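All figures in this text were calculated on a predicted structure; none of them were measured in a lab. Counting starts at 1 for both ligands and their atoms, following the listed order.
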Amino acid sequence: MNASQKAHGATIGVIERYREHLPVTAATPIVSLSEGSTPLIYSSRLSALVGRGCRVYLKHEGSNPTGSFKDRGMTVAVSKAAESGARLVVCASTGNTSAAAAAYAARAGIQCAVLLPAGKIATGKLAQAFVYGAVVIALDGNFDQCLKLVRELSTEPGISVVNSINPYRLEGQKTAAFEIIDALGDAPHLHLLPVGNAGNTTAYWRGYVEYHKLNRATRRPRMLGFEAAGAAPIYYGRVIEHPETAASAIRIGNPASWNLANAAFQESGGAIDIVTDEEIFAAQRWLASNEGLFVEPASAAAVAGLFRCRTPAACAICPVPKIPDDAVVVCTLTGHGLKDTAAVLNDDRAKPIAAPADKAAILSILEKAK
Ligand code: F0G
């Protein structure tokens, strides 16, 4: 435990909250930003849309210190890197992992380098990597090529790779499942997630399985994952050489945790499905304008999936019709909308209405907007 964590009244992070379930010892210097303990928000509107007495909750991971779920895994990975005496942490990223790695490395006093696909990172995430002091390297290639290079760097002495191929990342991320069970008193019946590198699906499933084994839950949820239609290697069962989606966080064609996530879908009685960019953006707008929750595009994929699955045309593999009446459903909202404002502002509808400083003009505009 470091000095700031010992400070009286400081909010605890996921390592302190779930220490006995995590691979840390008294010798591990805890690098934390008081991550985790994120809101689990009940959505009466989504509950009504699913119907049959089901209750839908949203796990708002954008509330983490760097604005995404990555902080849960990064506190463990960087703490372990510090313990091992690493001099550099490095990662490939579509943006959020790099933001989290850079922040936790800064806190640990370790240098950080991030490998990003050039021109494909949302500006908020890029700003984070810079301001936290990382060496930002833009590669003329996609995320999968960045990750391949990082794997090659991992054999160098003193370098710790903090992508989810580092087992400590998934260990930290499983705490989100613990929090949900602790909040609800049991596991949900169904859990929906966006899928990119497939680490988060794997981590949630691990958390649910572990808590179930410890009798902290009476059941394990069906896991339902959603890839973007143009970047859906698991759904199609083949590597996608040139993945394409406007949801840049999940623009991945060869996920690192492919097999583990597939096992999660199968063991849980769940499924992997796809959502189009159009469905993703519709869900993003829906969440913001109906629930007051601004998430980045990739983060809306689970809710886009829920919308798709409740339609009569839902595919045969979809477990939504298989869940019981009065079921509990959780969707994870993985990252904050402010990371990618261009995704909203590029829309023609996102234009302010010009007006003179005149009360009557304002009232007239408000009348038309009704
Ligand atoms: N949502 C957001 C906002 C993400 O940033 C990511 C992944 C995912 C969902 C998918 O999670 O990879 O565990 O299946 N972002 C990684 C990154 C790839 O580099 O920030 P996953």
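Formation of a donor-acceptor pair under 3.5 Å by the Thr75 side chain with backbone atoms of Val31 is found in this model.
Residues Phe281 and Val303 fall into different hydrophobic clusters, defined by Ile, Leu, Val, Met, Phe, Trp and Tyr side chains chained together at heavy-atom separations under 4.5 Å.
Of the N or O atoms in Ser98, none lie within a sub-3.5 Å distance of an N or O in ligand 1. For a threshold of 3.5 Å applied to N or O pairs, the pair formed by Asn200 and ligand 1 contains at least one separation below that value. Backbone and side-chain nitrogen or oxygen atoms of Ala298 are examined, and none is located within less than 3.5 angstrom of a nitrogen or oxygen of ligand 1. Residue Phe143 has no N or O atom closer than 3.5 Å to an N or O atom of ligand 1. Polar contact with ligand 1: absent for Glu296 (N/O pair, distance under 3.5 Å).
Protein heavy atom in closest approach to atom 2 (C) of ligand 1: Thr334 OG1, 3.3 Å. The single protein non-hydrogen atom nearest to atom 11 (O) of ligand 1 is Phe69 CZ, 3.5 Å, given as residue, atom name and distance. Summary of contacts: the protein heavy atom closest to atom 7 (C) of ligand 1 is Lys70 NZ, 3.1 Å.
Between Glu179 and Arg72 there is a salt bridge, since at least one side-chain N of the basic residue sits less than 4.0 Å from a carboxylate O of the acidic one. Between Glu210 and Lys213 there is no salt bridge, since none of the side-chain N atoms of the basic residue sits less than 4.0 Å from a carboxylate O of the acidic one. The residues Lys125 and Glu296 are annotated as salt-bridged, a charged nitrogen and a carboxylate oxygen being separated by less than 4.0 angstrom.
With sequence neighbours left out, the salt bridge (Lys or Arg N to Asp or Glu O under 4.0 Å) criterion links Arg52 to Asp325.
No option in Ile15, Thr175, Leu214 other than Leu214 meets the side-chain contact (heavy atoms from CB on, under 4.5 Å) test with His21. Residue Thr97 is tested with Asn197, Leu116, Val114, Asn163 for a side-chain contact (heavy atoms from CB on, under 4.5 Å); the sole match is Asn163.
Using a 4.0 Å cut-off to heavy atoms of Val195, the atoms of ligand 1 that qualify are 14 (O). Atom numbering of ligand 1 starts at 1 in the shown order; those under 4.0 Å from a heavy atom of Ser93 are 17 (C), 19 (O), 20 (O). Near Ser299, meaning under 4.0 Å from any of its heavy atoms, are these atoms of ligand 1: 3 (C). The contact set between ligand 1 and Asn197, taken as ligand atoms under 4.0 Å from a residue heavy atom, comprises 12 (O), 14 (O), 21 (P). In summary, the atoms of ligand 1 found under 4.0 Å from a heavy atom of Thr94, numbered by their order in the structure, are 15 (N), 16 (C), 17 (C), 18 (C), 19 (O), 20 (O). Under a 4.0 Å criterion applied to the non-hydrogen atoms of Ile250, ligand 1 contributes the atoms 8 (C), 9 (C), 10 (C). Atoms of ligand 1 lying under 4.0 Å from any heavy atom of Gly199, numbered from 1 in the order shown and given with element: 13 (O), 14 (O), 21 (P). Every atom of ligand 1 with a heavy atom of Asn96 under 4.0 Å away is listed here by number and element: 2 (C), 3 (C), 4 (C), 5 (O), 20 (O).
If you look at Ala198 next to ligand 1, the close heavy atoms, those under 4.0 Å, all belong to the backbone. With a 4.0 Å heavy-atom cut-off, ligand 1 is reached by no atom of Thr201. Contact annotation: for Ile252 versus ligand 1, heavy atoms closer than 4.0 Å belong to the side chain alone.
Heavy atoms from other residues, nucleotides or ligands lying under 6.0 Å from NZ of Lys368 number 12 at most.
There is a side-chain donor-acceptor pair under 3.5 Å between Thr28 and Glu83.
Here the straight-line distance linking atom OG1 of Thr201 with atom CZ of Arg206 works out to 12.5 Å at 0.5 Å rounding.
Both tests pass for Arg216 against the ring of Tyr211: distance under 6.0 Å to the centre and angle within 45° of the axis.
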